[in-house]
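Every heavy atom of this structure was used, including side-chain atoms; hydrogens, water molecules and symmetry mates were not. Note on naming: letters A, B, ... go to the chains in the order of the sequence lines (proteins, then strands), and numbering restarts at 1 for each one.
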There are 2 protein chains.
Amino acid sequence: MPQPSAPRRNPGRPPRISREEIIEAARRIVTEGGVGRLTMRRLATEVGSTPMALYHHVRDKEELLVLLLDDYAARTLRRSELPAHPRERIVAAATAIHEALVACPWIVEVLTADDLMSTSALWFVEQIVDGLVACGLSLDRAVHGYRSIWYYTAGEIVVRTTAARRRADGDPPTYREQVFADLDSNELPRLAQAADRWGALTAEDTYQDGLRALVDGLLVSR
Amino acid sequence: MPQPSAPRRNPGRPPRISREEIIEAARRIVTEGGVGRLTMRRLATEVGSTPMALYHHVRDKEELLVLLLDDYAARTLRRSELPAHPRERIVAAATAIHEALVACPWIVEVLTADDLMSTSALWFVEQIVDGLVACGLSLDRAVHGYRSIWYYTAGEIVVRTTAARRRADGDPPTYREQVFADLDSNELPRLAQAADRWGALTAEDTYQDGLRALVDGLLVSR
DNA sequence: GAGACTTTCTATACATGTAAGAAAAGTTAG
DNA sequence: CTAACTTTTCTTACATGTATAGAAAGTCTC
């Protein structure tokens with residue numbers, strides 16, 4: 001029977017760095033110089049260690065980014081007063097998540113990693129699922145509904161911030177824009193009709209419009 | 001006045017490889033060994049050239065992947081008989097795009113790159129926009145609606161295929177799953193209630209459900 | 001034909017993520 | 001104390017994307 005109160009230390013070489021230290025240092029690097037400055041080597045010197053030592057605390061760089069995102073969410077997403085009406089509560093919770101993520105431009109590389117599962121984000125997820133249930137959906141349908149909202153949200157952020165970044169880089173227009181300029185107005189009349197406004201239209205932020213549509217659609221129980 | 005019919009060749013060293021050749025070779029590599037096998041060096045030897053020569057035909061690897069995706073779309077997406085009823089036409093067109101992309105597991109890394117703009121995909125985009133207009137939306141709102149559908153579609157694919165890949169890798173469960181196991185059922189009752197089914201629920205393919213909800217929502221003009 | 005100009009290709013170099021294995025620094029059993 | 005064992009750290013090495021500089025191979029002007 002092991003003595004429970006004895007401060008018996010662990011065997012093995014004692015660690016000189018911790019996951020928390022690593023994340024802290026990573027956060028410093030990212031907030032100062034952007035996510036592009038975050039390399040394993042830089043991070044290692046920042047915590048006073050070697051690159052490979054990091055890999056004992058973090059599976060790989062992607063996991064590091066996920067941890068960083070969760071850390072960010074934990075300190076940004078604060079539970080706030082949400083509307084009482086379920087439908088509006090859903091919209092507000094999703095919008096809160098969306099705003100937090102949009103304000104953090106480097107996440108794009110991480111969003112592909114399944115849900116946003118930071119403990120602090122979970123409260124908002126709960127609000128969404130609960131709102132859907134309150135509107136009459138079964139629990140299963142509510143979870144599926146939340147997933148749809150998450151797909152929409154993640155897709156919006158990933159697609160729009162990548163596009164925005166590309167615009168900011170002042171890249172020469174890709175051949176895609178060329179394609180769009182050469183539209184055949186007999187074959188594709190609507191697109192041709194919208195062609196000149198396409199760039200402006202797709203740059204607009206219509207997250208809430210789409211979200212409301214999606215939520216409305218989810219709530220007309222079928 | 002330049003002689004129009006003269007086969008005056010271009011100045012400069014004549015190219016030994018073309019963008020088409022490159023894409024062809026890349027397709028071979030990817031279909032044989034997966035996208036992980038596609039490196040610039042391998043591609044270079046495949047076309048009998050050097051890595052840096054590729055960069056005269058392709059801006060960078062990302063553009064190569066985009067080209068590859070368009071190439072794939074061009075040979076997979078065939079215009080098909082779509083329902084006449086506008087709402088069903090929208091759903092069918094989006095589903096066609098979705099199915100083509102899902103069948104092609106390496107796209108994930110590219111989907112972040114704005115729209116799917118392959119010429120062959122544009123026809124489906126046209127169907128969606130036109131369907132929305134036929135249901136009474138203004139052209140602007142229809143374009144926005146299409147964008148919402150695209151966000152949802154891209155997000156669904158990116159999130160779900162990444163999750164599936166991770167599952168297939170047999171990774172040790174990430175700390176996210178740990179978080180989910182430790183849910184406090186007082187704080188987050190709905191999530192706790194769904195916790196054990198969460199994995200199964202989020203693995204289900206509910207693309208069409210969400211899509212229909214979104215389209216329904218878009219069509220109740222507000 | 002000689003040289004200027006243009007386009008494409010090649011050689012070399014660097015930063016990055018990370019695999020593999022050895023070394024270090026502890027704890028525990030004898 | 002010594003030896004086995006464990007955990008963490010360090011060293012070295014490799015594959016990859018791509019920047020940079022210059023060489024090669026054409027056309028054009030004269």
Side-chain angles (χ1 to χ4, degrees), chain A residues 1-3 6-23 25-26 29-30 33-68 106 109-110 112-113 166 169 171-172, chain B residues 1-3 6-23 25-26 29-30 33-68 106 109-110 112-113 166 169 171-172:
Chain A
M1 186 187 295
Q3 52 249 37
R8 208 206 235 148
R9 281 188 283 171
N10 298 330
R13 179 171 178 167
R16 304 175 57 165
I17 56 180
S18 68
R19 179 178 268 204
E20 287 69 33
E21 261 181 282
I22 292 176
I23 296 176
I29 294 176
V30 167
V35 74
R37 279 266 167 285
L38 182 65
T39 72
M40 299 306 271
R41 286 175 228 271
R42 223 185 300 270
L43 183 54
T45 60
E46 180 84 13
V47 301
S49 185
T50 61
M52 290 313 290
L54 303 174
Y55 285 83
H56 264 260
H57 304 268
V58 152
R59 190 214 316 252
D60 55 14
K61 194 179 179 184
E62 171 156 347
E63 179 172 286
L64 174 68
L65 288 173
V66 172
L67 290 168
L68 211 53
W106 48 270
E109 356 239 336
V110 193
T112 67
R166 201 156 306 183
D169 287 355
D171 291 0
Chain B
M1 189 185 292
Q3 52 249 37
R8 209 208 237 148
R9 282 190 283 172
N10 297 331
R13 179 173 178 166
R16 306 176 56 165
I17 57 180
S18 67
R19 178 179 271 205
E20 287 68 34
E21 261 181 281
I22 292 175
I23 296 177
I29 293 175
V30 167
V35 74
R37 279 266 168 284
L38 182 64
T39 71
M40 298 307 271
R41 286 174 228 268
R42 224 184 299 270
L43 183 54
T45 60
E46 180 84 15
V47 300
S49 184
T50 63
M52 292 310 293
L54 303 174
Y55 285 83
H56 265 262
H57 305 269
V58 152
R59 188 215 317 253
D60 54 14
K61 194 180 179 184
E62 170 156 348
E63 179 171 287
L64 174 68
L65 287 172
V66 171
L67 290 168
L68 211 52
W106 49 268
E109 356 238 337
V110 194
T112 67
R166 201 155 307 184
D169 286 356
D171 291 1

message: A:V58 vs A:I23, test: side chain to side chain contact (heavy atoms under 4.5 Å, CB included). Steps then yes/no.
response: CA-CA 10 Å; A:V58 152; A:I23 296 176; 5.9 Å; no

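- In this entry the distance linking CG of A:L38 with P of C:dG17 reads 8 Å, nearest Å.
- Here C:dT18 presents its P atom at 8 Å from NZ of A:K61, a figure rounded to the nearest Å.
- Minimum interatomic distance between A:P51 and A:A44 (heavy atoms only, all atoms of both residues): N-CB, 3.4 Å.
- Taking all atoms of both residues into account, the shortest heavy-atom contact from A:L43 to A:A25 is CD1-CB, 3.7 Å.
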Atom pairs under 3.5 Å: protein N/O with N/O of nucleotides 1-3 of chain D:
none

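- When each of C:dT18, D:dT9, C:dT10 is scored by its nearest atom to the side-chain atoms of A:P51, the top-ranked nucleotide is C:dT18.
- Among the protein residues, B:L54 comes within range of no part of the nucleic acid, since none of its heavy atoms lies under 4.0 Å from any strand.
- Distances shown here put a side-chain N or O of A:S49 below 4.0 Å from the OP1 or OP2 atom of D:dC10.
- Note: CZ (A:R42) to P (C:dC14) measures 17 Å, nearest angstrom.
- Rounding to whole angstrom units, CZ of residue A:R37 and C1' of C:dT16 are separated by 13 Å.
- In this structure, the OH atom of A:Y55 is 14 Å from the C1' atom of D:dA13, given to the nearest Å.
- Backbone-only contact: A:T39 has heavy atoms under 4.0 Å from sugar-phosphate atoms and none from a base.
- Projected onto DNA chain D by closest heavy-atom contact, A:R41 and A:H56 fall at different nucleotides, the more 5' of which corresponds to A:H56.
- Between B:M52 atom CE and C:dA13 atom P there is a gap of 14 Å when expressed in whole angstrom units.
- With rounding to whole Å, A:L64 atom CG is found 15 Å from C:dT16 atom P.
- When all heavy atoms are compared, the tightest approach of A:R16 to A:R13 is NH1-NH2, 4.3 Å.
- What you find for B:I22 and B:V47 is that their closest heavy atoms are CA-CG1, 4.2 Å.
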Can you check nucleotides 23-26 of chain C for protein contacts, nitrogen or oxygen pairs under 3.5 Å, and list what you find?
residue: C:dA24; atom: N3; partner: A:R13; partner atom: NH1; Å: 3.4
residue: C:dA25; atom: N3; partner: A:R13; partner atom: N; Å: 3.4

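- Under the rule for a salt bridge (charged side-chain N to carboxylate O under 4.0 Å, His left out), the partners of B:E46 that lie at least two apart in sequence or sit in another chain are B:R28.
- In this view, A:T45 satisfies the side-chain contact (heavy atoms from CB on, under 4.5 Å) rule with no residue, not counting sequence neighbours.
- For residues 35-45 of chain B, there are no salt bridge (Lys or Arg N to Asp or Glu O under 4.0 Å) pairs, not counting sequence neighbours.
- Remark: A:E21 pairs with A:I17, A:S18 by the side-chain contact (heavy atoms from CB on, under 4.5 Å) rule, at least two apart or across chains.
- Whole-Å rounding puts the A:H57 NE2 to D:dC10 C1' distance at 13 Å.
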